[in-house]
Amino acid sequence: MSKKMTVAVIGCGEFAREFVPLFQNHPTVEKVYVCDLIREKAEMYSEKFSVDIIDSFEDAINSKEITAVAVFTQRHTHGDLVCKALLAGKDVYSAVPMAVTVEDCKRIIDAVKVSGKTYMMGETCVYYPSAMYCEKKHKEGAFGNFVYGESQYFHDLSHFPRPFREDRASSAVPPFFYPTHSTAMILYATDSYVTKVTALGYVDKEENTPYKKGENHWDNTFSNEFSLMQLSNGGIARVSECRRIGYKAPSSYISGFYGTKGSYQFSNAQHILTALTENGVTLEDVSDEVNPKDMTANKDLPDFKEKVANHSFQGLSYSPMHDERYEKLPEEFKNMPRVNGHMASHQLLIDDFCTAVAENKMPYVNAWRAARYTIPGLVAHESALKGGVPLDVPDFGEAPEK
């Protein structure tokens with residue numbers, strides 16, 4: 001194994017706390033630092049995880065000891081921080097989104113080219129069982145030619161952490177500036193990218209809303225945004241990002257995936273596969289293949305459906321779709337006390353990044369793929385502002401081999 005990494009985690013909020021132990025326990029990582037503009041947050045992390053503090057982002061990227069940074073700051077700050085870190089010679093793991101402008105997405109790609117460093121966007125949903133199942137069946141030819149799919153990220157603002165909600169200027173970020181939890185699933189499953197998009201926005205009507213002009217950084221009034229996307233394979237996807245919606249879980253999922261020979265449909269905890277025949281279709285309930293194992297073990301509970309709708313069973317076990325990937329995880333991860341969140345994706349994310357750095361190879365969600373997941377949402381918001389005008393989506397091509 002090459003020299004071990006020293007990682008600086010930038011941003012000590014609610015989300016990053018699940019990732020510090022993963023970096024600490026990965027066999028390619030020697031040491032972890034933490035950093036936050038609010039010193040008290042960094043001190044809390046330092047005490048909780050027994051890690052040292054580095055005083056600033058600038059100190060981290062100028063440090064000769066630190067070889068990688070993991071960016072967990074506010075979502076609209078990622079682009080600039082990532083570019084600076086890459087050009088300072090650091091490998092970079094970044095929480096989603098890649099950036100909130102097309103220009104910054106391109107800047108990151110260019111910074112990867114110039115620096116030769118590893119960049120990975122931590123998109124959880126390429127590891128979601130529904131996406132993995134549709135990708136597998138699509139590759140096997142079960143659907144025929146892809147025709148239409150539906151994916152969404154339904155995350156009501158009331159379910160976000162309190163500090164996020166209280167930062168009204170940032171919490172009302174346009175929903176399509178955070179698109180990858182919905183775009184990634186369909187694009188991963190179809191191995192395609194978006195060429196054109198049209199979208200509409202829902203103007204928020206709630207009292208005391210941050211979604212209004214003068215209340216947020218973008219003068220954004222849309223709490224929900226909906227789009228139709230033309231894919232490079234000729235198919236169509238309906239992609240939705242919602243922050244005011246009476247729904248909770250699963251927040252990210254593929255609800256429909258249709259081809260010329262078969263289809264996949266999902267609702268709450270039921271996953272259905274159909275195949276076209278001369279007399280109609282065959283129908284197979286594949287829920288036990290896709291759902292987390294803890295969910296399947298509890299499916300006879302009288303309140304099972306309600307528990308699923310409130311995010312029970314999704315954080316402590318993984319799906320049979322993950323078996324092959326989990327078998328390859330480092331032993332240090334297998335002995336950790338719990339599977340990390342977002343449908344058991346966190347361990348897979350950090351292992352992919354650390355392995356890519358150690359082996360000098362491209363991670364799956366590299367800068368080029370991250371741009372293909374992010375940019376359609378940015379263009380969709382522009383379309384929504386223009387009342388649904390169809391717009392072309394810029395594409396920066398495939399990642400080169402590293």
Side-chain angles (χ1 to χ4, degrees), residues 9-20 34-45 48-49 57 70-82 93-101 104 121-125 152-184 201-202 204-225 240-252 310-311 314-315 340-343 345-346 349 374 377-378 381:
V9 173
I10 311 297
C12 301
E14 295 283 336
F15 187 51
R17 69 181 61 196
E18 295 208 10
F19 289 85
V20 173
V34 294
C35 175
D36 198 284
L37 287 173
I38 301 173
R39 181 76 182 189
E40 292 79 7
K41 289 186 175 182
E43 290 173 349
M44 179 188 70
Y45 267 47
K48 181 178 179 65
F49 300 115
F57 171 75
V71 177
F72 289 95
T73 57
Q74 290 172 303
R75 54 196 67 181
H76 60 282
T77 66
H78 295 173
D80 192 51
L81 295 178
V82 167
Y93 176 93
S94 176
V96 298
M98 185 183 198
V100 295
T101 68
D104 275 352
M121 183 180 74
E123 177 46 58
T124 59
C125 289
Q152 46 270 322
Y153 180 53
F154 289 170
H155 197 159
D156 191 87
L157 191 64
S158 64
H159 300 151
F160 280 86
R162 182 174 57 83
F164 178 85
R165 288 183 277 118
E166 291 178 347
D167 183 4
R168 292 170 64 92
S170 298
S171 63
V173 59
F176 268 137
F177 279 16
Y178 193 82
T180 63
H181 289 339
S182 47
T183 57
Y202 171 85
D204 199 65
K205 297 179 175 64
E206 303 305 300
E207 294 182 7
N208 194 30
T209 178
Y211 294 101
K212 63 182 178 182
K213 292 184 178 180
E215 288 288 326
N216 59 74
H217 296 306
W218 306 273
D219 284 337
N220 174 48
T221 62
F222 297 147
S223 55
N224 303 315
E225 293 183 298
S240 303
E241 288 283 338
C242 297
R243 307 295 178 264
R244 289 282 200 203
I245 192 163
Y247 182 89
K248 185 173 182 181
S251 54
S252 298
N310 283 283
H311 256 151
Q314 296 184 42
N340 285 107
H342 286 91
M343 287 287 190
S345 63
H346 293 181
L349 286 167
T374 304
L378 306 181
H381 179 64

Novice: Show the nearest heavy-atom pair for residues Glu241 and Pro175, with the distance to one decimal.
Specialist: O-CB, 3.5 Å

Novice: Counting C-beta onward and ignoring hydrogens, is there a side-chain heavy-atom pair between Val34 and Met44 closer than 4.5 Å?
Specialist: no

Novice: Could you tell me whether the side chain of Cys242 reaches within less than 4.5 Å of the side chain of Gln152, counting heavy atoms only?
Specialist: no

Novice: Per the side-chain contact (heavy atoms from CB on, under 4.5 Å) rule, which among Val71, Leu349, Ile10 passes with Tyr93?
Specialist: Leu349

Novice: Are Thr73 and His78 close enough that some pair of their side-chain heavy atoms sits under 4.5 Å apart?
Specialist: yes

Novice: Supply the atom-to-atom distance Gln314 CD to Ser252 OG, rounded to the nearest 0.5 angstrom.
Specialist: 10.0 Å

Novice: Nearest 0.5 angstrom please: Cys12 SG to Lys48 NZ, how far?
Specialist: 12.5 Å

Novice: If the condition is salt bridge (charged side-chain N to carboxylate O under 4.0 Å, His left out), which residues does Arg244 pass it with, not counting sequence neighbours?
Specialist: Asp204

Novice: Ring centroids only, cut at 6.0 angstrom: are His159 and Phe164 within range, meaning strictly under it?
Specialist: no

Novice: If you look at every heavy atom in Ala16 and Gly11, which pair is closest and at what distance?
Specialist: CB-O, 3.3 Å

Novice: Hey, could you give me the CZ/NZ distance between Arg17 and Lys41, rounded to the nearest 0.5 Å?
Specialist: 9.5 Å

Novice: For the CD atom of Glu123 and the OG1 atom of Thr374, what is their distance to the nearest 0.5 Å?
Specialist: 8.5 Å

Novice: The test is side chain to side chain contact (heavy atoms under 4.5 Å, CB included); show your working for Phe19 and Val9 and say whether it passes.
Specialist: CA-CA 9 Å; Phe19 289 85; Val9 173; over 6 Å; no

Novice: Just by modelled atom types, is the Ser170 backbone N or O under 3.5 Å from a matching donor or acceptor in the Asn216 side chain?
Specialist: no

Novice: What's the shortest heavy-atom distance between Val100 and Phe177, and which atoms?
Specialist: CB-CD2, 3.8 Å

Novice: Using 0.5 Å steps for rounding, measure from the OG atom of Ser158 to the CZ atom of Arg165.
Specialist: 7.0 Å

Novice: Apply side chain to side chain contact (heavy atoms under 4.5 Å, CB included) to residues Asp167 and Gln74 and explain how you reach the verdict.
Specialist: CA-CA 10 Å; Asp167 183 4; Gln74 290 172 303; 2.6 Å; yes

Novice: Any side-chain heavy atom of Tyr211 sitting closer than 4.5 Å to one from Asn220?
Specialist: yes

Novice: Are the side chain of Asp36 and the backbone of Arg39 linked by a donor-acceptor contact shorter than 3.5 Å?
Specialist: no

Novice: Fit a plane to each ring of His342 and His181, take the angle between them on a 0 to 90° scale, and name the class: parallel (under 30°), tilted (30 to 60°) or perpendicular (over 60°).
Specialist: tilted

Novice: Please walk me through it: do Glu14 and Phe160 pass side chain to side chain contact (heavy atoms under 4.5 Å, CB included)?
Specialist: CA-CA 10 Å; Glu14 295 283 336; Phe160 280 86; over 6 Å; no

Novice: Fit a plane to each ring of His381 and Phe222, take the angle between them on a 0 to 90° scale, and name the class: parallel (under 30°), tilted (30 to 60°) or perpendicular (over 60°).
Specialist: perpendicular

Novice: Pro210 and Ala172: which non-hydrogen atoms are nearest, and at how many Å?
Specialist: O-CB, 3.4 Å

Novice: Of all heavy-atom pairs between Ser240 and Phe154, which one has the smallest distance, and what is that distance?
Specialist: CB-CE2, 3.9 Å

Novice: Just wondering, more than 12 heavy atoms not from Lys213 lying within 6.0 Å of its NZ?
Specialist: no

Novice: Side chains of Thr209 and Glu215: do they bring a donor and an acceptor to under 3.5 Å?
Specialist: no

Novice: Just say parallel, tilted or perpendicular for the rings of Tyr178 and Tyr153, cut-offs at 30° and 60°.
Specialist: tilted

Novice: Is there side-chain contact between Thr124 and His346, with at least one heavy-atom pair below 4.5 Å?
Specialist: yes

Novice: Output the distance between atom CD (Glu43) and atom CD1 (Ile38), rounded to the nearest 0.5 Å.
Specialist: 11.5 Å

Novice: Can you say whether the rings of Phe49 and Tyr45 are parallel (under 30°), tilted (30 to 60°) or perpendicular (over 60°)?
Specialist: perpendicular

Novice: Could you report the tightest heavy-atom contact between Pro250 and Met343, atom names first, then the distance?
Specialist: CB-CE, 4.3 Å

